[in-house]
Novice: 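Take a look at this one; I'll ask things after.
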Amino acid sequence: MPTFFVVLFSVYLAGNIYIFRRGAQALVAQPFGVKVLLTVLFWCGALSFIGSFLARDTKLPGILAHTVHEIGNGWLVFALYMVLCLVIFDLLRLFNFPCKYGFYISLFLTLSALSYGYYNYQHPETKVINIVINKQATHNEHLLKVVSVSDIHLGYGTDKEKLKQYVELINAQQPDLILIGGDLIDNSVVPLYEEKMAEELAKLKAPLGIYMVPGNHEYISDIRKSMRFISETPIRLLRDEVVALPGGIQIIGRDDRSNKSRLSLQELTKRIDPAKPAILLDHQPYDLPDTEQAGIDLQFSGHTHRGQIWPVSLITDYLFDQSHGYRQWGDSHIYVSTGLSLWGPPFRIGTDSELVVFNITCK
């Protein structure tokens, strides 16, 4: 893992040096004072990502912490898109198609993409999925409305004000049941306590309860601290547990892959009644054929974000058998959410933030 971060930082630093050199060439005619000012601003932006990561457990004033987080993480996407655009113009120059204003055009295209991505992130979609499960609940043709969300990443990025919007969005659906597919917390519980986010989570309403499973970020934030915070909310955290709801529907909450000693799906399904509907919460959507073989009726996962931005979405599409959306595997219905919020950069380019509503009919 340390090697991975060293490589990642090296690539990030190299990309910023490349952008800086191309910018210096484009601004060669500018006064010295302007060059110095732009140099300071550029490297403050580039290095703010490192600062936001190192300060994730530090108690900072809310506005300062949020600003550093937004700039630092937003710079990741800024650097990515600037490098992609500048490389295209460098390739054109190699083929004798030079463009005098390549840097400025790259800057305009990048800022346009980021503006669109920020707007898109701020407007999550509501996906409605109608599912028929051929197993008996208490009443025939019983309709259950389940609101499912994943990857909210509460912290300096998704603050209390944003959480308030999400709670209102969820409650507006008037769900019977709320499911959270992991990564409720981002990188630390510190900002959650600082902003008293438990107060907003207490406003979630669902007569059959609110259940969630840990994601990898609950472990990044320290699973014990994450559990302590969640215990102060109406949310029930399931770690390799099975809950039977009134009416017979069963919820299987599987611990995250970060726990190397978590139970296998086969071990967990020994605890359920195979004649009654079973919903599986598993944060990371791996080994999906096992879900079908285990007789699970509905699995809800998250984790992938579908990469959040293009072209990272192409990588997640390649890495996962199902990187996002709905698919039926035999008799098993599987949904992989792109996430209600996101990790890091506040942009959605080529992907969407989403809330998922399952209308479940049991026969």
Side-chain angles (χ1 to χ4, degrees), residues 4 8 11 73 76-77 80-81 84 113 116-118 120-121 123-131 146-153 157-158 166 179-186 212-220 252-258 262 265 279-294 296-358:
F4 170 78
L8 184 64
V11 171
N73 287 279
L76 286 171
V77 183
L80 172 64
Y81 277 39
L84 290 175
Y116 159 75
Y118 186 77
N120 194 37
Y121 156 59
H123 295 79
E125 293 189 345
T126 298
K127 304 286 182 65
V128 179
I129 309 294
N130 298 315
I131 291 176
V146 181
V147 169
S148 303
V149 296
S150 183
D151 299 277
I152 299 177
H153 289 274
T158 306
Y166 291 152
L179 301 177
I180 303 173
D183 281 4
L184 174 68
I185 302 168
D186 191 27
M212 74 166 281
V213 290
N216 56 303
H217 276 260
E218 272 72 44
Y219 279 88
I220 290 172
I252 306 168
R254 196 172 183 201
D255 206 349
D256 187 65
R257 286 166 59 96
S258 303
R262 71 171 181 168
L265 184 56
I279 300 174
L280 171 65
L281 291 178
D282 192 355
H283 178 63
Q284 301 189 43
Y286 289 99
D287 305 318
L288 297 184
D290 292 348
T291 299
E292 177 188 356
Q293 295 172 10
I296 300 298
D297 299 294
L298 170 63
Q299 174 175 331
F300 181 71
S301 297
H303 182 64
T304 71
H305 298 223
R306 207 199 169 194
Q308 290 185 194
I309 60 168
W310 186 92
V312 183
S313 54
L314 302 178
I315 298 174
T316 55
D317 287 348
Y318 174 78
L319 292 176
F320 293 91
D321 291 332
Q322 183 177 338
S323 68
H324 70 289
Y326 170 78
R327 179 177 166 186
Q328 188 166 352
W329 297 63
D331 292 327
S332 297
H333 305 269
I334 297 180
Y335 197 98
V336 179
S337 174
T338 55
L340 180 55
S341 188
L342 37 70
W343 171 87
F347 309 111
R348 284 280 189 180
I349 303 172
T351 66
D352 297 303
S353 297
E354 65 180 17
L355 173 147
V356 186
V357 179
F358 294 109

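Side-chain atoms are counted along with the backbone in the values below, which use heavy atoms only and exclude waters and symmetry mates. This is a predicted model, so every value here is computed, not measured.
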Novice: Please report the closest heavy-atom contact between S332 and T291, naming both atoms and the distance.
Specialist: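 Minimum heavy-atom separation between S332 and T291: OG-O, 3.6 Å.
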
Novice: So I279 and F358, do their side chains get closer than 4.5 Å, heavy atoms only?
Specialist: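 They are not in side-chain contact.
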
Novice: So, do Q293 and L265 sit near enough that their side-chain heavy atoms are less than 4.5 Å apart?
Specialist: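 Contact flag for Q293/L265 side chains = no.
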
Novice: Working to the nearest 0.5 Å, report the span between NE2 of H324 and OG1 of T316.
Specialist: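 Interatomic distance, H324 NE2 to T316 OG1, rounded to 0.5 Å: 8.5 Å.
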
Novice: Determine, step by step, whether E292 and I334 satisfy the side chain to side chain contact (heavy atoms under 4.5 Å, CB included) criterion, reporting the C-alpha distance in whole Å, the side-chain angles of both residues, the deciding distance to 0.1 Å, and the verdict.
Specialist: CA-CA 9 Å; E292 177 188 356; I334 297 180; over 6 Å; no

Novice: Measure the NE2-CG distance between H123 and D352 for me, rounded to the nearest 0.5 Å.
Specialist: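 With rounding to 0.5 Å, NE2 (H123) is 12.0 Å from CG (D352).
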
Novice: Please check: side-chain N/O of E218 versus main-chain N/O of L184, any donor-acceptor pairing under 3.5 Å?
Specialist: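 Judged by distance alone, yes, a pair lies under 3.5 Å.
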
Novice: Decide side chain to side chain contact (heavy atoms under 4.5 Å, CB included) for D287 and R257; before the verdict, give the C-alpha distance in whole Å, the side-chain angles of both, and the deciding distance to 0.1 Å.
Specialist: CA-CA 12 Å; D287 305 318; R257 286 166 59 96; 4.3 Å; yes

Novice: Supply the atom-to-atom distance N130 CG to H333 NE2, rounded to the nearest 0.5 angstrom.
Specialist: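 Answer rounded to 0.5 Å: 11.0 Å.
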
Novice: Show your working on side chain to side chain contact (heavy atoms under 4.5 Å, CB included) between Y286 and F320 and close with a plain yes or no.
Specialist: CA-CA 7 Å; Y286 289 99; F320 293 91; 3.5 Å; yes

Novice: So, do V213 and D256 sit near enough that their side-chain heavy atoms are less than 4.5 Å apart?
Specialist: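 V213 vs D256: side chains apart.
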
Novice: Can S258 and N216 be said to form a side-chain hydrogen bond (donor to acceptor under 3.5 Å, both in side chains), step by step?
Specialist: CA-CA 6 Å; S258 303; N216 56 303; 5.8 Å; no

Novice: How long is the straight-line distance from CD1 of I131 back to OH of Y335, given to the nearest 0.5 Å?
Specialist: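 Nearest 0.5 Å value for the OH-CD1 distance: 10.5 Å.
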
Novice: What closest approach, in Å, do S337 and T304 show between heavy atoms, and which atom pair accounts for it?
Specialist: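 Nearest heavy atoms, S337 then T304: O-OG1, 4.2 Å.
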
Novice: Can you check whether L355 reaches P124 side chain to side chain, under 4.5 Å on heavy atoms?
Specialist: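 Contact flag for L355/P124 side chains = no.
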
Novice: Report yes or no: does S301 contribute a side-chain atom to a donor-acceptor pair with the main-chain N or O of D282 at less than 3.5 Å?
Specialist: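 Such a contact is found between S301 side chain and D282 backbone.
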
Novice: As a test of understanding, state which of I180, D255, D151 forms a side-chain contact (heavy atoms from CB on, under 4.5 Å) with H283.
Specialist: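 Filter result, single survivor: D151.
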
Novice: Is there a side-chain hydrogen bond (donor to acceptor under 3.5 Å, both in side chains) between Q322 and W329? Walk through the geometry before answering.
Specialist: CA-CA 11 Å; Q322 183 177 338; W329 297 63; 2.8 Å; yes

Novice: Looking at T338 and R306, what are the two nearest heavy atoms and their distance?
Specialist: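 Closest pair (atom of T338, atom of R306, distance): CG2-CB, 3.8 Å.
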
Novice: Determine whether R327 and V336 make a side-chain contact, defined as any pair of heavy atoms from C-beta on separated by less than 4.5 Å.
Specialist: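 A side-chain contact is absent here, since even the closest heavy-atom pair is not under 4.5 Å.
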
Novice: I'd like to check D331 versus D297 (side-chain heavy atoms, cut-off strictly below 4.5 Å). Are they in contact?
Specialist: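 Answer no - side chains too far apart.
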
Novice: Show your reasoning for whether side-chain hydrogen bond (donor to acceptor under 3.5 Å, both in side chains) applies to T158 and S341.
Specialist: CA-CA 7 Å; T158 306; S341 188; 2.7 Å; yes

Novice: Any non-hydrogen side-chain atom of L314 less than 4.5 Å from a side-chain atom of W310?
Specialist: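 Contact flag for L314/W310 side chains = yes.
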
Novice: If you compare all heavy atoms of T351 against all heavy atoms of N120, which two are closest, and at what distance to 0.1 Å?
Specialist: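 Minimum heavy-atom separation between T351 and N120: O-ND2, 2.8 Å.
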
Novice: Find the distance between CE (M212) and CD1 (I185) and round it off to the nearest 0.5 Å.
Specialist: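 It is 6.5 Å, given to the nearest 0.5 Å.
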
Novice: Is D183 close to W343 at the side-chain level, that is, under 4.5 Å between some pair of heavy atoms?
Specialist: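 No, their side chains stay 4.5 Å or more apart.
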
Novice: Shortest non-hydrogen contact from G339 to R348?
Specialist: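 Answer, listing the atom of G339 first, then R348: O-NH2, 3.4 Å.
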
Novice: Search all heavy atoms of S150 against all heavy atoms of H303 and return the closest pair with its distance.
Specialist: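 Here S150 and H303 meet closest at OG-N, 4.2 Å.
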
Novice: Test side chain to side chain contact (heavy atoms under 4.5 Å, CB included) on F347 and Y121; report intermediate values, then the result.
Specialist: CA-CA 6 Å; F347 309 111; Y121 156 59; 5.8 Å; no

